[in-house]
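Worksheet: one structure, shown below.
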Amino acid sequence: MKILAAGGVTGGHLYPALAILEELSKHTELNVVYFCTLTGIENRIIPREHPEYKLVRLDVSGLERPLFKLSNVKRVLKIIKSKSIIASEVNGSNCCLVTGGYVSYPVGSVCGRRRVPLYIQEQNVVPGIANRTLGRYASKIFVGFEEAIAGFPRSVRDRIVVTGNPIRITSVGQSSFGEGYVLVLGGSRGSALINAVMEKVYQEEKQLKFVHSTGDPDWTRRLSVFENVLAVDYIYDMTSAWRGAVAAVCRAGALTVSELLHYGVPAVLIPWEGAAEGHQVRNAQYVAKIKRGMIVRENEVTPGTVLKAIRNVLDLGKVAERETNPASTIAKIILEECV
């Protein structure tokens with residue numbers, strides 16, 4: 001089965017795509033062509049974890065907001081230029097899978113116009129502009145949250161399937177980090193805000209254990225002075241990290257939110273206010289609404305507010321890991337329609 005795929009720049013778009021592709025590969029032999037940007041995280045992760053995938057790099061960039069800016073003209077021209085590269089890979093494809101981010105748009109639009117079955121996976125409560133725009137070409141649109149349906153045009157809503165977000169299972173068994181710690185994440189690139197405030201929290205709180213993914217070697221060295229903190233640049237095995245955690249301090253990207261709900265870990269959510277269309281705030285509000293976390297807005301972040309919130313979410317308690325993975329549901333539908 002030949003599948004064209006795109007979704008990246010950040011882990012929030014890349015890992016849902018990998019979760020679905022890895023689930024598909026359990027059932028059929030896959031020939032994956034993965035389109036990526038020149039600098040996105042997928043350039044580092046895919047050669048390391050899936051050297052068998054064909055990686056095709058496109059010189060494209062995201063559009064600046066507001067959209068009607070002169071600087072966007074050059075970016076649109078690059079997107080148009082990339083379409084000939086994409087078109088050269090279309091022959092023999094069974095389907096196309098996109099998971100958002102600006103690299104998804106040219107890939108999805110070329111496949112849509114060539115009548116290659118297009119599958120979209122949207123992670124956020126507020127759908128991204130690429131996925132919204134591509135919806136008209138889609139055979140199916142898989143969404144992580146029911147609230148996302150309202151963000152798509154009415155004309156495509158009959159093709160939307162609410163599955164939850166696909167979770168990438170990277171290991172079996174218990175955590176390699178130990179047990180009973182607070183997991184601190186700033187997203188796939190880390191967060192200077194979270195690193196800085198947690199450094200002050202660690203100066204006060206000596207009883208709790210922490211595992212902290214900094215996204216930056218300098219911050220890793222700086223935070224490693226605390227005896228109760230295991231600081232690392234990046235966590236590749238998130239399955240293991242979530243299974244040992246009793247609480248988390250993190251941003252509110254859709255993938256992070258879906259993972260903490262899947263593994264039953266309560267969280268202090270510090271949504272990135274600059275996220276496109278405020279989607280991280282909406283994701284965090286959803287978690288707070290179902291009483292699995294607390295929100296600390298960026299302008300409220302102090303060592304005191306964060307430490308108080310950590311203690312409050314510890315009281316919420318960890319719940320059992322969910323047995324079903326939406327990646328399986330999505331893969332099953334794609335296989336039924338394309339093979």
Exercise for the section: Would you tell me whether Asn283 and Asn124 have side-chain atoms, one donor and one acceptor, within less than 3.5 Å of each other? Expected result: yes

Handout entry: Donor-acceptor contact present, side-chain Thr37 to main-chain Val9, <3.5 Å
Key = no

Exercise for the section: Output, in order, the C-alpha distance, side-chain angles, deciding distance and verdict of side chain to side chain donor-acceptor pair (under 3.5 Å) for Asn165 and Gln121. Expected result: CA-CA 8 Å; Asn165 280 322; Gln121 199 280 319; 2.7 Å; yes

Handout entry: More than 12 heavy atoms from other groups under 6.0 Å of CD on Glu204
Key = yes

Exercise for the section: Please lay out, stage by stage, how Val268 and Cys250 fare under the test side-chain contact (heavy atoms from CB on, under 4.5 Å). Expected result: CA-CA 6 Å; Val268 178; Cys250 53; over 6 Å; no

Practice task
Kindly work out whether a path of hydrophobic side-chain contacts (I/L/V/M/F/W/Y, heavy atoms less than 4.5 Å apart) joins Tyr102 to Leu97.
Solution key: no

Practice task
Say whether Val265 and Val313 are linked into one hydrophobic cluster, either directly or through other cluster members, by side-chain heavy-atom distances under 4.5 angstrom.
Solution key: no

Exercise for the section: State, with a plain yes or no, whether a side-chain heavy atom of Phe145 is found less than 4.5 Å away from one of Val126. Expected result: no

Exercise for the section: Would you check if Glu147 and Tyr286 make a side-chain contact, meaning some heavy-atom pair closer than 4.5 Å? Expected result: yes

Exercise for the section: Any chance you could measure Tyr15, atom OH, to Ile20, atom CD1, to the nearest 0.5 Å? Expected result: 15.0 Å

Practice task
Spell out, yes or no, whether Ile41 and Leu185 are grouped together once hydrophobic residues are joined by side-chain heavy atoms under 4.5 Å, including indirect joins.
Solution key: no

Problem - Short N-O contact, Arg57 and Glu42, less than 4.0 angstrom - result: no

Problem - Minimum heavy-atom distance Ile141-Gly135, with the two atoms named - result: CD1-CA, 4.0 Å

Handout entry: Flag side-chain contact, heavy atom, 4.5 Å: Leu134 against Tyr105
Key = yes

Problem - Euclidean distance, His13 NE2 relative to Thr10 OG1, rounded to 0.5 Å - result: 4.5 Å

Practice task
Indicate yes or no for a side-chain donor-acceptor contact from Lys200 to the backbone of Thr302 under 3.5 Å, with no hydrogens or angles considered.
Solution key: no

Handout entry: Donor-acceptor pair, side chain of Asn43 and main chain of Gly40, under 3.5 angstrom
Key = yes

Fill in the blank from the handout: Nearest heavy-atom contact between Pro166 and Leu255 is O-CD1, 4.2 Å

Problem - NZ (Lys291) with more than 12 external heavy atoms under 6.0 Å - result: no

Practice task
Measure the CD1-CZ distance between Ile160 and Phe142 for me, rounded to the nearest 0.5 Å.
Solution key: 11.5 Å

Exercise for the section: Please check if atom CD in Glu146 has more than 12 non-hydrogen atoms from other residues, nucleotides or ligands closer than 6.0 Å. Expected result: no

Practice task
Run the numbers on Ile270 and Leu193 for side-chain contact (heavy atoms from CB on, under 4.5 Å), then give the verdict.
Solution key: CA-CA 9 Å; Ile270 305 174; Leu193 175 70; 4.2 Å; yes

Handout entry: Closest non-hydrogen atom pair between Lys206 and Gln203, with its separation
Key = CE-O, 3.6 Å

Completion exercise
Rounded to the nearest 0.5 Å, the NE2 atom of His212 sits from the CG atom of Leu230 at a distance of 11.0 Å

Practice task
Please check if Ile235 and Ile194 belong to a single hydrophobic cluster, counting links between Ile, Leu, Val, Met, Phe, Trp and Tyr side chain heavy atoms closer than 4.5 Å.
Solution key: no

Exercise for the section: Output yes when a side-chain donor or acceptor of Thr305 lies under 3.5 Å from a complementary backbone atom of Glu300, and no otherwise. Expected result: yes

Handout entry: Inter-residue atom distance Leu14.CG - Cys36.SG, 0.5 Å rounding
Key = 9.5 Å

Practice task
Identify whether the distance between the nearest side-chain nitrogen and carboxylate oxygen of Arg251 and Glu298 falls below 4.0 Å.
Solution key: yes

Handout entry: Neighbour count >12 (heavy atoms, 6.0 Å) for atom CD, Glu52
Key = yes

Practice task
List the steps, then state whether side chain to side chain donor-acceptor pair (under 3.5 Å) holds for Asp233 with Thr220.
Solution key: CA-CA 6 Å; Asp233 296 348; Thr220 300; 2.5 Å; yes

Handout entry: Tyr119 and Cys96, any side-chain heavy atoms less than 4.5 Å apart
Key = no

Practice task
Please determine, by modelled atom types, if Trp272 and Gln280 share a side-chain donor-acceptor pair under 3.5 angstrom.
Solution key: no

Problem - Sub-4.5 Å side-chain heavy-atom contact between Val281 and Arg297 - result: yes

Handout entry: Shared hydrophobic cluster, Ile334 / Val339 (ILVMFWY, side-chain heavy atoms < 4.5 Å)
Key = yes

Practice task
Report the C-alpha distance between Arg222 and Glu199 in whole Å, list the side-chain angles of each, state the deciding distance to 0.1 Å, and finish with yes or no for side-chain contact (heavy atoms from CB on, under 4.5 Å).
Solution key: CA-CA 8 Å; Arg222 194 161 153 176; Glu199 182 179 40; 2.9 Å; yes

Handout entry: Separation between SG of Cys338 and CE of Met1, rounded to the nearest 0.5 Å
Key = 5.0 Å

Handout entry: Student check: side-chain heavy atoms of Phe152 and Arg159 closer than 4.5 Å
Key = no

Handout entry: salt_bridge(Arg168, Glu49) N-O dist < 4.0 Å
Key = yes

Problem - Lys/Arg-Asp/Glu bridge criterion (N-O < 4.0 Å) met for Lys54, Glu89 - result: yes

Handout entry: Residues Glu122, Arg132; criterion salt bridge (charged side-chain N to carboxylate O under 4.0 Å, His left out); working and verdict
Key = CA-CA 9 Å; Glu122 172 56 55; Arg132 279 204 316 268; over 6 Å; no

Exercise for the section: For the pair Gln123 (side chain) and Pro16 (backbone), establish whether a donor and an acceptor sit closer than 3.5 Å, ignoring hydrogens and angles. Expected result: no

Exercise for the section: For Thr28 and Ser25, indicate whether the former's side chain and the latter's backbone hold a donor-acceptor pair under 3.5 Å. Expected result: no

Exercise for the section: Indicate the ring-plane relationship of Tyr263 and Trp242, choosing parallel, tilted or perpendicular according to the 30° and 60° boundaries. Expected result: parallel

Fill in the blank from the handout: Heavy-atom nearest pair, Ala17 first then Tyr34, reads CB-OH, 3.4 Å

Problem - Any donor-acceptor N/O pair, Tyr202 side chain to Asn228 backbone, under 3.5 Å - result: no

Exercise for the section: Applying side chain to side chain donor-acceptor pair (under 3.5 Å), run through Thr329 and Thr163 and close with a yes or a no. Expected result: CA-CA 7 Å; Thr329 305; Thr163 58; over 6 Å; no

Exercise for the section: Step by step, work out the side-chain contact (heavy atoms from CB on, under 4.5 Å) result for Met238 and Arg243. Expected result: CA-CA 8 Å; Met238 283 305 303; Arg243 282 183 174 152; over 6 Å; no

Problem - For the student: nearest non-hydrogen atoms of Ala5 and Leu21, plus distance - result: CB-CD1, 4.2 Å

Practice task
For the pair Arg292 (side chain) and Leu261 (backbone), establish whether a donor and an acceptor sit closer than 3.5 Å, ignoring hydrogens and angles.
Solution key: no

Completion exercise
Heavy-atom nearest pair, Ser82 first then Pro106, reads OG-CB, 3.6 Å

Problem - Heavy-atom side-chain contact between Ile3 and Ser93 under 4.5 Å - result: no

Practice task
Please determine, by modelled atom types, if Glu22 and His50 share a side-chain donor-acceptor pair under 3.5 angstrom.
Solution key: yes

Practice task
Give a yes or no on whether the backbone of Asn91 and the side-chain of Lys2 come within a donor-acceptor separation of less than 3.5 Å.
Solution key: yes

Handout entry: Between Glu205 and Gln207: side-chain donor-acceptor atoms closer than 3.5 Å
Key = no

Problem - Donor-acceptor pair, side chain of Arg115 and main chain of Gly112, under 3.5 angstrom - result: no

Practice task
Report yes if some heavy atom in the side chain of Tyr181 is under 4.5 Å from a heavy atom in the side chain of Leu208; otherwise report no.
Solution key: no

